[in-house]
Amino acid sequence: MSSVQDVIASSLSAALESLGVRIDPSQFVVERPARIEHGEFATNVAMVAAKQLGEKPRSVAERICEYLGRNPVKYQQRLEIAGPGFINFFLDYGYLHEELVQVVTLGEDQFARSGIGSGERVQLEFCSANPTGPLHVGNGWWASYGDALARLLRRCGYDVSTEYYVNDTGGQIRRLGESLLARRAGREVEEEGYQGDYVRELAARYSGPDDVVDAGKWAAEKNLETIKSSLDKLGIHFDVWFSQASIEESGAVQEILDLLDSKGLLVEEDSKKLFLSTRFGDSRDRYLVKAEGDFTYLAGDIAYHYNKFVVRGFQRVIDIFGADHHGQVASLKAAMDAIGIGSERLEIILGQMVSLLSGADRLKFSKRKGNLIPLEDLVDELGPSATRLLSLSTSIDRATSVDIEKVKAESMDNPVYYIQYAHARMASIERVRDQRGIEMPDLSQINLSLLVHPRELALLRELTILPEVVEEAAIDRAPYKITNWLKEFSGLFHSFYHDCYVMSDAVEMELTYARLCLVAGCKVAVRVALSLLGVEALEQM
RNA sequence: GCCCCUGUAGCUCAGCUGGACAGAGCAGCUGCCUUCUAAGCAGUUGGUCGCAGGUUCGAAUCCUGCCGGGGGCGCCA
């Protein structure tokens, strides 16, 4: 990325050198000031350098400005020293027009693409809700997050494989089987069982033997089909569905135990086996084999992660868990260090809890009781785009409460309309262009320097930062930053649309061409951003 | 007790690798449809950035302590 910012930054480094200081570019910033009165870009470099030079920031700024006066940056018009020592750059708008040419030339496929991933093989596991029932809003909320993160990482050059870990074995599956058999026999499901109506429906279809394991496995398979179709409705497709049972059956868990044992990290305690995880920072040691001889969940999970890193060779693994699985983090990381994988290669992102409100009432729900809101109902009600955008509007670190009534009733509240409307207006302009038979000249023939209206400039400025926003969102694992950009950009487009007619008798043809070009660039950017979130770009509304 | 998140406008949230007077949407109030879709635009009201210290030329942002909210500390998954 050889943006204007980078050019300014390297000029500043050269200026510093002429003053006899070396400052790493990471120590200072060249940023867009919050206020346009402060120029196109501003830097705090003089304040940073002042310390080393033992001078006042403003006098350092003056000397830097003198240097830049003799060796101006491309498009530089004038400089200003402001406040405690900021240097503000006022540039010729040509730099924005040049960037627009770039956007249009690169197009949807290439604009805002980054190579920071360098092809690193990343495995991204998310959702992974137990197949003991349908996906509900609570455990499906961050599924859109995982999917969007995968899209973001791919855009940035990572080689990503998405995965859903299916907990298709263990006590919960037995319990599911018990519940199923109880329903089939016309009995009530016990307190600890799964009481949702879906169990009743499944029981009516089950014709297998009266065996809790068979019944549980059968029901889990059916539930998994339901989960898959719910995710399908949201537009989420996993590369791999990985079975927990397959890990246990393969003998991989025993291999992990042997490996830990050989390192002296496993101790026998009666018939149980304890992993000395405290040696790797865990708050307590963890059992891997229970008194009855079964493996614990952690044992299987360690084997699963060994499989990800060693068997399948992923360089980095990202797991997205619900915050209620926070307790697993230290143990799993300790295990990675213990088996020589290195816990820094395992990144665990915790999605904070989601609570549902209906008006003022907080909805209490439980999977066992089966009184929760299926994700699918929300998707049916709102549509996939709105559902996705809802969970992609806030940081994953923030516990959110979703008011079902508000989201359903006041659709104006939902940013998806605002954003999609902006895209629809771009598409509409292009439809009218075609209807009127306006032929676009070659890009090089268009006089973009006509784009100087404040609305146009604001739009161009926001347009050019998308590549940085994409990188930042990927690095911070924060897809909501794309959403924020889209909201901001859509607002600027609506303002432009309102104030700047593209095709009208009052607008010179030259300007029409330039504005059509601007609209084309905007469309590219919005489509890129929407595709990263998995939100549909509507041609009309 | 320990660990992870979190506390910013009436509500929902940005801003938090320190920077120039703290932002947006919604709600409230006021204007704008003979031109490419008013699901829009423009204006306006509204904030001791939980509290107290500290570091700094400069703190919503970093550090410490306290207070409040959510989640976790299983031979459950």
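- Note on Ala424(A): a base of the nucleic acid sits closer than 4.0 angstrom, heavy atoms only.
- Ala42(A) comes within 4.0 angstrom of a base, heavy atoms only.
- U45(B) and G40(B) have their P atoms separated by 22 Å, with the value rounded to a whole Å.
- Annotation: cation-pi pair Arg425(A)/Tyr497(A) present, NZ/CZ under 6.0 Å from the ring centroid and within 45° of its normal.
- In this structure, Ile429(A) places its CD1 atom 12 Å from C1' of U35(B), rounding to the nearest Å.
- Within 4.0 Å of Gln420(A), counting heavy atoms only, lies no atom of the nucleic acid at all.
- Atom CZ of Arg286(A) and atom C1' of A77(B) are 14 Å apart (whole Å).
- Residue contacts shown for Arg515(A) are absent, as no nucleic acid heavy atom lies under 4.0 Å away.
- Rounded to whole Å, the distance from NE2 on His494(A) to C1' on C36(B) is 14 Å.
- When heavy atoms are screened at a 4.0 angstrom cut-off, Pro57(A) is found touching no nucleic acid atom at all.
- Remark: the Ser114(A) side chain and the Glu471(A) side chain contain an N/O donor-acceptor pair separated by less than 3.5 Å.
- G28(B) and U35(B): their P atoms are spaced 28 Å apart (whole Å).
- Taking the six-membered ring for Trp and the full ring otherwise, the centers of Tyr304(A) and Phe242(A) sit less than 6.0 Å from each other.
- Nucleotides G71(B) and G46(B) have their C1' atoms positioned 33 Å apart, rounded to a whole Å.
- As judged by a 4.0 angstrom heavy-atom cut-off over every strand, Tyr497(A) is placed among the base-contacting residues.
- G58(B) sits 31 Å from U12(B) when the C1' atoms are compared, rounded to a whole Å.
- Stacking here means ring centres nearer than 5.5 Å and ring planes tilted less than 30 degrees, and by that measure His38(A) stacks onto A20(B).
- Each of Met47(A) and Thr296(A) was matched to the nucleotide of RNA chain B holding its nearest heavy atom; the match closer to the 5' end belongs to Met47(A).
- Tyr417(A) places its OH atom 9 Å from the C1' atom of A39(B), with the value rounded to the nearest Å.
- C66(B) and G50(B) make up a base pair, with Watson-Crick or G-U wobble contacts both under 3.5 Å.
- Side-chain atoms of Arg431(A) and base atoms of C36(B) include no donor and acceptor less than 3.5 Å apart.
- Met353(A) comes within 4.0 angstrom of the backbone, heavy atoms only, and of no base.
- Within 4.0 Å (heavy atoms only), Glu488(A) reaches no atom of the nucleic acid at all.
- Proximity of the aromatic rings of Phe321(A) and His326(A) is defined here by a centroid distance below 6.0 angstrom, and this criterion is not met.
- Here Gln352(A) lies in heavy-atom contact (under 4.0 Å) with a base.
- Listed by chain and residue number, Arg63(A) satisfy the salt bridge (charged side-chain N to carboxylate O under 4.0 Å, His left out) test with Glu55(A) (two or more places apart in sequence, or in another chain).
- Comparing G65(B) with C76(B), their P atoms sit 36 Å apart, to the nearest whole Å.
- Counting non-hydrogen atoms under 4.0 angstrom, Ser504(A) reaches a base of the nucleic acid.
- Remark: U44(B) base-pairs with G28(B); criterion is Watson-Crick or G-U wobble with both hydrogen-bond distances under 3.5 Å.
- Stacking between Phe86(A) and A20(B) is present: the aromatic ring centre lies within less than 5.5 angstrom of the base six-membered ring centre, and the two planes differ by under 30 degrees.
- Within the 4.0 angstrom heavy-atom criterion, base atoms lie near Asn88(A).
- Of all nucleotides listed (G72(B), G15(B), C41(B)), G15(B) comes nearest to the side chain of Lys481(A).
- Note: Phe493(A) and Phe496(A) have tilted aromatic rings, judged against thresholds of 30 and 60 degrees for the angle between ring planes.
- Within 4.0 Å of Arg436(A), counting heavy atoms only, lie sugar-phosphate atoms of the nucleic acid but no base atom.
- A salt bridge is defined here as a Lys NZ or Arg NE, NH1 or NH2 lying under 4.0 Å from an Asp or Glu carboxylate O, and Lys333(A) with Asp337(A) fails to meet this definition.
- The partner of G23(B) is C13(B), judged by Watson-Crick or G-U wobble contacts that both fall below 3.5 Å.
- As the counterpart of A39(B), no nucleotide is assigned, since no Watson-Crick or G-U wobble pattern has both distances under 3.5 Å.
- Once the 5.5 Å centre distance and the 30° plane angle are applied, the aromatic ring of Tyr501(A) is found stacked with the base of U35(B).
- Backbone-only contact: Asn167(A) has heavy atoms under 4.0 Å from sugar-phosphate atoms and none from a base.
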